[in-house]
Amino acid sequence: MAKSTLLSLLYPLLLAALFMHGHGQEKKVHIVYMGDLPRGDFSAESTHHSMLESVLGSTLSAKESLIYSYGRSFNGFAAKLSDEEIGRLSEMDGVISVIPNHILKIHTTRSWDFMGFSEGKLSGSQEGNVIIGLLDTGVWPESESFIDTGMDPPPSKWKGTCQGEGNFTCNNKIIGARYYNSENWYFETDFKSPRDSEGHGTHTASTAAGRKVQGASYFGLAEGVARGGVPYARIAVYKVCWSFGCATADILAAFDDAIADGVDIVSVSLGAPWPFPYMEDPIAIGSFHAMRYGILTSNSAGNSGPYPYSVSNFAPWTLTVAASTIDRKFVASVVLGNGKVFTVSLPLRLYSANYSAGADPDIAKYCFPGALNSYIVQGKIVFCETVWDGSGILLANGVGTIMADSEYSKDFAFSYPIPATVITTEDGQQILDYIRSTQNPIATILVGETWKDIMAPSVVSFSSRGPNPISPDILKPDLTAPGVDILASWSPVSPPSIYWRDTRSVYFNIISGTSMSCPHASGAAAYVKAAHPDWSPAAIKSALMTTAYIMDSRKHPDLEFAYGSGHINPLGATDPGLVYDASEADYINFLCKQGYNTTTLRLITGDNSSVCSSTVPGRAWDLNYPTFALAIEDGQPIQGVFTRTVTNVGKPNSTYSVGVYMPSSVSVTVEPSVLSFSAIGETKTFTVKVYGPKIAQQPVMSGAIWWNDGRIWSESESFNDEVMSAPPTKWKGTCQGANFTCNNKIIGARYNNHENWYDTSDIKSPRDTDGHGTHTSSTAAGREVQGASFFGLAEGNARGGVPNSRIAMYEVCWSFGCASADILAAFDDAIADG
């Protein structure tokens, strides 16, 4: 979403010491090591600040120089220093050594790795044929993320231009750039060109398709290799957003150009604050026309969560992306003078005591600009009873702040121009009680630590939720992607914090929002497009949705209204097996049922064959969508019939059997339950009937339908049989199951169920639906799989003990358990099989 106010700016608080960026080119970061912590009453930051002040000559210079103040486990600090300043500090009492900021081996920035997408498998030339158009605030073209080293000229389909205005140059990476400002409003910070002065567009563009940049970080935080999802894809810039916002006339003009220019994917990290009808929404309109030309539009879901019906960009022909966490978080602890410790899941640099004075105390407690007495605040950490941009403390010469606000201390944060932390209102009351209990209240915020977040991914609280506010039969959002604490390129003239007068300059920033998750999905869509250039927008979208990782419903009371079909899986999306394709005619039929008439739709399509048989509003159950949604009025029974058609994009000869999971109170039947294909591109239609009792005050119930083919799952690379010879002659077994295929690795498979009990999740074959058997067999004898991980955890090479030995599977366990008669039958067969 485009940034506008404090409430919508989701920049994470990622600072670890009192620091203002040094301006001298000759200054570099060094570590001043001072050994163990002194005993007794010791204020690390005051000591370090005094040392720097004595060397640099002024309080302001010291404040600008200091980056980290180490005071938790050892004593020292990091600062930007010249060679002369290094020499003077080295001679000071207590200094053991002054160490250059060496670049050590890193484990990369996390978001793409977290999705199991550390490296794509396509060539640079394949990626280079895909063009991503970004409607945003422009880009900073000199960023390392946009270098074109080793890239060929743009593909011949490109028809765009570079509207540089003398201060913007395109290359073989950024192949086109335009800007739009229908109101002709330009603030002093705006560039009258595609150049980005806000940072937002540079961040989203580099997230989607940035080149690899070694050693990227935000003041040393999240240091690693920054890259986009498709590093060799082309970028086309359409600047529609300025310091004042994004005009809808400009958005439509950009769509108009982007379609004609020849882009393949449109990425739009912005939206309206309230729902518009489809044909009054410029993004829905523009993306509809993009769809007609074979272009998929990827949209941010909005930052208005966790409230229901808050989702933006909900047209069914677009991909709507929620935001979720990755497996990295930054933790800092606040230690009060009385020994109490508060752990804050927000990285920052700060230790503090609270003083507030000046205007009316009832106003001063909120720390608004002009409400604080600088004589009292100077040199102090200020406790504030709400979240603000930190400018009130900064202007009053304070050195930091602790802000108490339960809404903004959940799972995301902002960056501030001064050291700051946000805690819950309850913890804030304890700090306030402590301040009032002593004449000399002190506190320390210890050096931030990076932790593995084993609970990731979780949809972040600000991510907008469904249901779809216009068409409840279309589930939105479609899926979720990383959108919290994302490191990517930044405009160096844009403030790195939410204070608009913050003069520090950075080339990478860490921010949060569905604006950040959207370009992850855009990059993934571009990757699928590169692998399958002839796939339609709906096919690409279907592949991303049906291969998504399953989210943990226990962490999300709003279930699919939070995360849609699941967490995006870029590699898996290139091989979905089946896709739910949709054409312009399908969407026209949908719009007819939304109340649009033939006259209107003919104008939209320019096709007189577009006809609505009825303008009476109807259900959207027959739109060929990859998910199913059934809105039930309170007190009514559950009843719905859905028709879907799948297209085979997997093996030419394949058979799929249906699997169903739903709560026991709901009946789901799928007809037919088996789909057989003999060619790629062949289609099959099935019907889903859903019935259940009358329900009341039931917010959401969810389940799943899946189609299983007989091949080894692409995710189960442990069982590939590459370079393996035929089974040994002693093998006498068989491969049992209409939807299970053996190979030279899995040489046999049987299943036994003498009780003939089958739950809806069970598959009547040796295929595993519980995971347990797949896990044990791959542990014993799985082939080597590179880059295996669990959402980025334990990443490395997975293999079994004897990777080239054969596996014979005997399924004796089902959802209800393992019957002893089946176990004996399996022993009998296994012995005879050899």
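Computation of the quantities below employed the complete heavy-atom set of this structure, encompassing side-chain atoms and omitting hydrogens, waters and symmetry-equivalent molecules.
Side chain of His520 to backbone of Ala208: no donor-acceptor contact under 3.5 angstrom is found. Remark: side-chain polar atoms of Asn129 are paired, donor with acceptor, to backbone N or O of Ser125 under 3.5 angstrom. In this structure, the side chain of Ser542 does not engage the main chain of Ala538 through any donor-acceptor pair within 3.5 Å. Looking only at distances, no side-chain donor or acceptor of His556 sits under 3.5 Å from a matching main-chain atom of Tyr563. Within the 3.5 Å criterion, the main-chain N or O of Val670 finds no donor-acceptor partner in the side chain of Ser673. Of the possible polar contacts, none joining the Lys651 side chain to the Ala679 backbone as a donor-acceptor pair under 3.5 Å is found. In this structure a side-chain-to-backbone donor-acceptor pair under 3.5 Å is missing from Asp829 to Ala826.
With a 4.5 Å cut-off on side-chain heavy atoms, Asn648 and Leu578 count as touching. Within the 4.5 Å cutoff, side-chain heavy atoms of Phe677 are placed close to those of Val646. A 4.5 Å side-chain heavy-atom check between Val321 and Leu479 finds at least one atom pair inside the cut-off. Counting heavy atoms from C-beta on, the side chains of Thr297 and Met291 never come closer than 4.5 Å. The closest side-chain heavy-atom distance from Ser565 to Met551 is not below 4.5 Å. Using a 4.5 Å heavy-atom cutoff, the side chains of Thr645 and Tyr580 are not in contact. No side-chain heavy atom of Asp152 sits less than 4.5 Å from a side-chain heavy atom of Asn172. Side-chain atoms of Ser517 and Thr480, non-hydrogen and from C-beta on, never get closer than 4.5 Å to each other.
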Q: In sequence, state the C-alpha distance, the side-chain angles, and the governing distance for Asn797 and Gln786, and then conclude on side-chain hydrogen bond (donor to acceptor under 3.5 Å, both in side chains).
A: CA-CA 4 Å; Asn797 291 352; Gln786 295 185 352; 4.8 Å; no

Q.
Between Asp586 and Tyr625, is the side-chain hydrogen bond (donor to acceptor under 3.5 Å, both in side chains) condition met? List the steps.
A. CA-CA 10 Å; Asp586 295 310; Tyr625 214 69; over 6 Å; no

**Q.** Criterion side-chain hydrogen bond (donor to acceptor under 3.5 Å, both in side chains) on Glu682 and Ser678, from CA distance to verdict
**A.** CA-CA 7 Å; Glu682 186 179 357; Ser678 58; 3.2 Å; yes

Q. Hey, mind stepping through Ser702 and Glu560 against side-chain hydrogen bond (donor to acceptor under 3.5 Å, both in side chains) and telling me if it holds?
A. CA-CA 8 Å; Ser702 72; Glu560 282 79 6; 3.2 Å; yes

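Asp581 and Ser536 share a donor-acceptor pair across their side chains, judged by distance under 3.5 Å alone. A donor atom on one side chain and an acceptor atom on the other are found under 3.5 Å apart for Thr774 and Asp768. No side-chain N or O of Ser718 forms a donor-acceptor pair with one of Ser778 less than 3.5 Å apart.
Sequence neighbours left out, the pairs with a member in residues 542-558 that pass salt bridge (charged side-chain N to carboxylate O under 4.0 Å, His left out) are Arg465-Asp558, Asp552-Arg554.
In this structure, Tyr549 and His567 have tilted ring planes: the angle between them lies in the 30° to 60° band.
A cation-pi arrangement is absent between Arg767 and Tyr751 under the rule of less than 6.0 angstrom and at most 45 degrees off the ring axis.
Nearest approach of Ser553 to Leu559, heavy atoms of both residues: CB-CD2, 3.5 Å. Of all heavy-atom pairs spanning Trp621 and Leu630, the tightest one is CZ2-CD1, 3.3 Å.
Using a cut-off of 4.0 Å between Lys/Arg side-chain N and Asp/Glu carboxylate O, Arg211 and Asp148 are scored as not salt-bridged. Taking a cutoff of 4.0 Å between a charged side-chain nitrogen and a carboxylate oxygen, Asp833 and Arg750 qualify as a salt bridge.
Only one option out of Thr627, Thr320, Leu623 pairs with Ile474 in a side-chain contact (heavy atoms from CB on, under 4.5 Å); it is Leu623. Put simply, the residue from Arg234, Lys157, Lys529 that forms a side-chain hydrogen bond (donor to acceptor under 3.5 Å, both in side chains) with Asp264 is Lys157.
Checked against the 6.0 Å centroid criterion, the rings of Phe686 and Trp707 qualify as a close aromatic pair.
Remark: Ala488 engages His203, Ser206, Thr207 in a side-chain contact (heavy atoms from CB on, under 4.5 Å) (not counting sequence neighbours). Remark: Asp721 engages no residue in a salt bridge (charged side-chain N to carboxylate O under 4.0 Å, His left out) (not counting sequence neighbours).
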